[in-house]
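Scroll down for the structure; my scribbles are underneath it.
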2 protein chains.
Amino acid sequence: MKEKQVVTPFRSVDHQHSTCLNSVLVTAEHYCQQRGLKLTPLRRRVLELVWKTHEPVKAYDILQTLQAEKKGAAPPTVYRALDFLQQQGFVHKLESMNAYVGCGAPGQHHTSQFLICHICGVVAELDDYDIGELIGSKADSLGFKVSQLTIEIKGVCGSCQAA
Amino acid sequence: MKEKQVVTPFRSVDHQHSTCLNSVLVTAEHYCQQRGLKLTPLRRRVLELVWKTHEPVKAYDILQTLQAEKKGAAPPTVYRALDFLQQQGFVHKLESMNAYVGCGAPGQHHTSQFLICHICGVVAELDDYDIGELIGSKADSLGFKVSQLTIEIKGVCGSCQAA
DNA sequence: CAGATAATGTTATATTATAACATAACATAG
DNA sequence: CTATGTTATGTTATAATATAACATTATCTG
Ligand SMILES: [Zn+2]
Ligand SMILES: [Zn+2]
Ligand SMILES: [Zn+2]
Ligand SMILES: [Zn+2]
């Protein structure tokens with residue numbers, strides 16, 4: 001095992017999410033500023049909503065919130081913002097759930113493996129060298145050239161097992 | 001590396017798909033007969049349609065075919081059959097594509113990792129011990145108990161690289 | 001055959017996502 | 001500072017994926 005990086009951990013009991021959220025927003029703003037990308041109010045708001053918790057968020061839940069805030073939001077409003085955020089690496093889509101989750105290493109190039117607790121709903125994100133490496137080598141041995149990996153692991157997190 | 005099992009390989013140039021398909025159908029029939037499960041004409045037909053090629057098939061494409069065969073098919077017709085076939089382990093859903101693919105080891109209990117060529121569309125299926133093992137151990141070290149794994153690998157297969 | 005169970009038919013609707021075109025905001029060259 | 005192009009957003013409509021709910025039919029069991 002070379003490295004095991006936990007991008008987004010399961011939270012400790014004393015997790016201060018407001019700090020966590022704020023740090024993500026600051027990072028994203030900084031990242032965009034640096035490269036002339038526009039983290040518009042809308043995009044920023046959608047990022048905030050995705051990061052409202054550590055659980056996956058549905059596009060239409062975001063839409064509902066935006067509509068309640070009385071902008072004239074429609075599906076494209078949300079999907080465009082999500083596309084932007086995914087392209088910049090600020091959020092990830094969980095393919096097996098049709099839902100979105102904030103990235104714990106926004107803007108950093110990395111692989112992702114998601115651990116999803118089906119009791120509490122919380123998602124942890126890993127950027128694990130060994131897993132990518134192993135899958136790459138298996139694929140290689142079959143003459144297959146990997147370009148994109150979807151790894152979503154469902155189960156029960158530590159605290160839910162304890163309870 | 002303990003074992004690497006290829007459940008559904010990328011096909012050789014001389015692949016005889018009619019034989020391949022037939023063998024799957026016979027296996028499924030046998031499997032159902034053995035346990036008193038009913039592989040009804042409808043279910044059998046849907047299995048055939050999923051296995052029409054080695055590429056992922058969309059539910060609504062199956063539906064279209066069924067409708068053309070002038071039964072009164074509706075979405076539930078297809079989704080119920082697919083549910084049955086998935087439960088028996090005859091087909092798998094590719095979560096990242098909302099599509100379905102035939103299982104190369106129908107009815108056998110196994111893990112799955114899918115290699116999907118985005119040029120030719122062909123899907124290979126692995127049941128690789130090491131990958132499951134590694135992911136399990138990583139999850140373990142985080143106190144996470146795995147119950148279900150989604151692994152979908154997109155890239156370019158050998159023959160498409162050659163061409 | 002009667003009653004129970006499983007499978008299918010049928011209609012409607014929920015959920016997820018994109019197409020297509022109009023307008024507005026913003027940038028920068030002249 | 002304006003014209004002009006570009007990017008972002010607004011707006012309407014629709015496509016694509018999936019399930020709910022209830023009726024009917026087929027199959028099994030006693
Ligand atoms: Zn947090
Ligand atoms: Zn990430
Ligand atoms: Zn074949
Ligand atoms: Zn399989």
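Quick note on labels: first sequence line is chain A, next is B, and so on, each numbered from 1. Bear in mind that the values here come from a model prediction, so they are computed numbers and not experimental data.
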Q. Atom NZ of B:K71 to atom P of C:dA7: distance rounded to whole Å?
A. 17 Å

**Q.** Distance, rounded to the nearest Å, where A:R44 contributes CZ and D:dA8 contributes C1'
**A.** 18 Å

Q: Can you figure out which of D:dT11, D:dA21, C:dA17 approaches the side chain of A:R80 most closely?
A: D:dT11

Q. Could you state the CD-P distance from A:E69 to D:dG10, rounded to the nearest angstrom?
A. 13 Å

(Q) Here's a test of your reading of the structure: between A:K93 and B:A73, which maps to the more 5' nucleotide of DNA chain C? (A) B:A73

Q.
Which nucleotide wins on minimum distance to the side chain of A:T77, given the candidates D:dC22, D:dT9, D:dG10?
A. D:dG10

Q) Is the distance from OP1 or OP2 of D:dA18 to the nearest side-chain N or O of B:N98 less than 4.0 Å? A) yes

Q: Please state how far atom CE in A:M97 lies from atom P in C:dT15, giving the value in whole angstrom units.
A: 15 Å

(Q) Which label fits A:H15 and A:H17: parallel for a plane angle under 30°, tilted from 30 to 60°, or perpendicular past 60°? (A) tilted

Q: Specify the separation, in whole Å, of atom NZ of A:K58 and atom P of C:dT15.
A: 9 Å

Q. Can you check the B:D83 CG to C:dA7 P distance for me, whole Å?
A. 12 Å

Q: Select one nucleotide: of D:dG10, D:dA18, C:dG9, the one nearest the side-chain heavy atoms of B:Y100.
A: D:dA18

(Q) I'd like to know if A:E48 pairs up with A:R44 as an ion pair, taking the criterion as any Lys NZ or Arg NE/NH1/NH2 lying under 4.0 Å from an Asp or Glu carboxylate oxygen. (A) yes

Q | Phosphate-side-chain proximity, B:Y79 and C:dT15, N/O vs OP1/OP2 below 4.0 Å | A | no

**Q.** Residues A:H92, A:Y100; criterion ring-ring contact (aromatic ring centres under 6.0 Å, His included); working and verdict
**A.** CA-CA 6 Å; A:H92 298 292; A:Y100 303 83; over 10 Å; no

Q.
Side chain of A:K38, heavy atoms from C-beta onward: which of D:dT7, D:dT17, D:dC28 has the nearest atom to it?
A. D:dT7

Q. B:Y31 ring centre to B:R35 NZ or CZ under 6.0 Å, with the angle to the axis within 45°?
A. yes

Q: Could you state the atom-to-atom distance from CZ of B:F84 to P of C:dA7 in whole Å?
A: 7 Å

**Q.** Listed nucleotide nearest any side-chain atom of A:A74, set D:dT12, C:dC21, C:dT8
**A.** D:dT12

Q) Is B:Y60 side chain donor-acceptor paired with the D:dA15 base, going by distance under 3.5 Å alone? A) no

Q) Which of these nucleotides, D:dA8, D:dT19, C:dT10, is closest to any side-chain atom of A:R43? A) D:dA8

Q.
Nearest whole Å is fine: how far is C:dT16 C1' from A:Q86 CD?
A. 13 Å

Q. Between A:V123, A:V57, A:I116, which is the residue that forms a side chain to side chain contact (heavy atoms under 4.5 Å, CB included) with A:M97?
A. A:I116

